[in-house]
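Reading through the structure tokens given below for one structure.
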Amino acid sequence: MPSGGAVSLVLEPAVGHTPGTAVDQGEEREMSDQVKYVLDESRLPEAWYNIAADLPAPPPPVLHPGTGQPVGPDDLAPLFPMQIILQEVSTDRLITIPEEVRSVYRQWRPTPLYRARRLEQALETPARIFYKYEGVSPTGSHKPNTAVAQAYYSKQEGVKRLTTETGAGQWGSALAFAGGIFGLEVDVWMVRASYDQKPYRRGLIEAFGARVVASPSEETNAGRTILSEHPDSTGSLGIAISEAVEAAAPREDTKYSLGSVLNHVLMHQTVIGEEAQMQMDEAEDYPDILIGCTGGGSNFSGLTFPFIGRALREEAKIRVIAVEPAACPSLTKGVYAFDFGDTAHLTPLVKMHTLGSTFVPPPFHAGGLRYHGMAPMVSHLHELGLLEARSYTQTEVFAAGVEFARIEGILPAPEANHAVKATIDEAIRCREEGVSQAILFNLCGHGHFDMQAYIDYAAGNLVDYAYAEEEVALALAGLPAVA
Ligand SMILES: *Cc1c(COP(=O)(O)O)cnc(C)c1O
């Protein structure tokens with residue numbers, strides 16, 4: 001297939017025209033056929049997109065917890081490489097992707113974009129459903145898009161060791177993979193609930209050469225404090241972040257790496273949306289609705305920010321939906337306030353939708369979505385009215401994920417099931433209203449390491465945790481006072 005041509009999933013290539021010309025290749029097939037749009041390697045994006053350049057109002061500053069004043073690059077230098085800090089505060093629209101990073105991306109990027117015609121038919125919807133599939137990466141999710149960049153900049157600046165947290169294990173395995181490529185030692189604090197529930201993810205992290213510690217652990221003050229009060233703590237991302245930060249800050253040769261939430265992480269993920277824009281061109285279509293699941297907000301931002309930026313520049317309208325778990329609903333039930341990113345209060349204060357930094361979400365299966373806060377940039381866009389948010393319980397999202405797997409042949413990660421559920425609901429709304437809209441969602445990872453969750457679902461053993469209103473109120477009462 002020539003560069004940039006849309007390629008079909010069926011073995012017989014479409015005949016009678018040159019791929020890449022103005023023929024809707026989907027129309028030539030049975031209506032029930034899935035259509036796959038792949039981009040040639042030469043179309044791999046050359047720069048990340050920074051939405052800060054296009055916003056009608058700048059996001060609030062990051063504050064020093066001691067002084068209440070905005071932090072400067074020097075305050076963050078013990079934790080992050082300087083290139084990463086500069087990206088965090090940059091307002092340039094495009095940031096060049098280093099060639100060394102692009103050459104690693106080429107192992108799996110550009111990723112495919114599918115038109116889910118079989119799902120459309122099953123739902124009898126006039127909606128056109130598209131999904132970008134990030135499960136083809138070496139660790140099965142979008143996370144390596146930023147892990148590779150972070151490991152690269154760390155290596156450039158002479159760092160020897162990276163510390164990090166991981167929830168479900170997706171981020172830990174991505175950073176272990178990237179650290180291995182650039183010859184860095186990686187220590188991963190893994191939330192206890194996932195450490196026990198997901199031994200295969202732990203095994204993958206170790207296979208890539210990193211060390212895994214169950215969090216809370218005895219290795220840090222933060223961990224020991226939690227364990228002395230709650231010996232059976234199932235852990236949380238907030239606690240694991242405290243431990244990883246504590247393990248990095250005092251050591252010259254060590255930096256801390258975060259897998260979501262921060263501006264630079266969201267920006268590294270925009271290769272997803274940039275590619276999707278080219279693929280939607282190939283499909284000769286454009287999304288009316290964009291959907292992504294949100295834990296810390298990075299895969300959602302990666303898909304949507306390039307589209308939101310374009311809508312802002314062209315004063316066009318686009319519906320954007322962030323989907324979160326009902327048991328950890330930061331955007332739909334949290335307050336928009338300055339809060340710590342971690343439980344032991346070692347990080348700067350960021351303004352975000354938060355359930356309180358000491359809130360420990362129940363151990364539901366979408367481990368990647370168990371974070372008390374939302375990315376400050378996603379929170380800011382929500383405040384500006386640029387996106388909608390909704391939440392679902394875990395049994396309804398697993399029902400949607402299984403339906404999707406049976407029709408489309410890809411078993412989504414439990415996190416991604418939230419986006420699948422919202423997509424199906426929107427497609428049904430299109431049917432009921434008799435409108436044909438294009439929906440594009442991010443299928444941010446596959447669920448092959450999450451089979452216990454699917455086994456539990458099939459056996460009827462998944463519980464829907466209610467949103468813990470009292471615990472959240474308690475955690476929110478401890479929000480830091482900011483003038
Ligand atoms: C980590 C992860 C998430 C949640 O993180 P975001 O930063 O919100 O994207 C969602 N899905 C998958 C597959 C993940 O690995």
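Residues take their numbers from the sequence shown, with the count starting at 1. Whatever order the structure lists them in is the order used to number ligands and atoms, beginning at 1.
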Considering both backbone and side-chain atoms of [X], is one of its nitrogen or oxygen atoms within less than 3.5 Å of a nitrogen or oxygen in ligand 1?
| X | result |
| --- | --- |
| T294 | no |
| A416 | no |
| F300 | no |

Selection from [options] by shortest heavy-atom distance to [atom]:
| atom | options | answer |
| --- | --- | --- |
| atom 10 (C) of ligand 1 | H418, H446, Q170, E415 | E415 |
| atom 14 (C) of ligand 1 | R201, K143, E324 | K143 |
| atom 9 (O) of ligand 1 | N299, N417, L443, L303 | N299 |

Open item on the list: Given 3.5 Å as the limit, does a donor-acceptor pair link the side chain of Y105 with the main chain of N145, or not?
Closed with: yes
Task: Side-chain (S173) to main-chain (Q170) donor-acceptor, under 3.5 angstrom - done: yes
Task: Mutual orientation of the aromatic rings belonging to Y153 and H268 [parallel < 30°, tilted 30-60°, perpendicular > 60°] - done: parallel
- [ ] Return yes when H142 approaches ligand 1 closer than 4.0 angstrom through a heavy atom, no otherwise.
- [x] yes
In this structure, is the centre-to-centre distance between the rings of [Y] and [X] below 6.0 Å?
| X | Y | value |
| --- | --- | --- |
| F305 | F300 | no |
| Y131 | F404 | yes |
| H418 | Y392 | no |

Task: Side chain, backbone, both or neither: L369 near ligand 1, heavy atoms under 4.0 Å - done: side chain
TODO: Measure the spacing between CG of L162 and OH of Y256 and express it to the nearest 0.5 Å.
DONE: 11.0 Å
Task: Charged N-O contact under 4.0 Å between R128 and E120 - done: no
TODO: Report the nearest protein non-hydrogen atom to atom 7 (O) of ligand 1: residue, atom name, distance rounded to 0.1 Å.
DONE: S260 OG, 2.5 Å
Open item on the list: Just to confirm my output: which protein heavy-atom neighbour is closest to atom 4 (C) of ligand 1, and how far is it?
Closed with: G368 O, 3.2 Å
Task: Residue G295 vicinity, atoms of ligand 1 by number, heavy atom under 4.0 Å - done: 8 (O)
- [ ] For G297, counting its heavy atoms only, list the atoms of ligand 1 lying under 4.0 Å from any of them.
- [x] 6 (P), 7 (O), 8 (O)
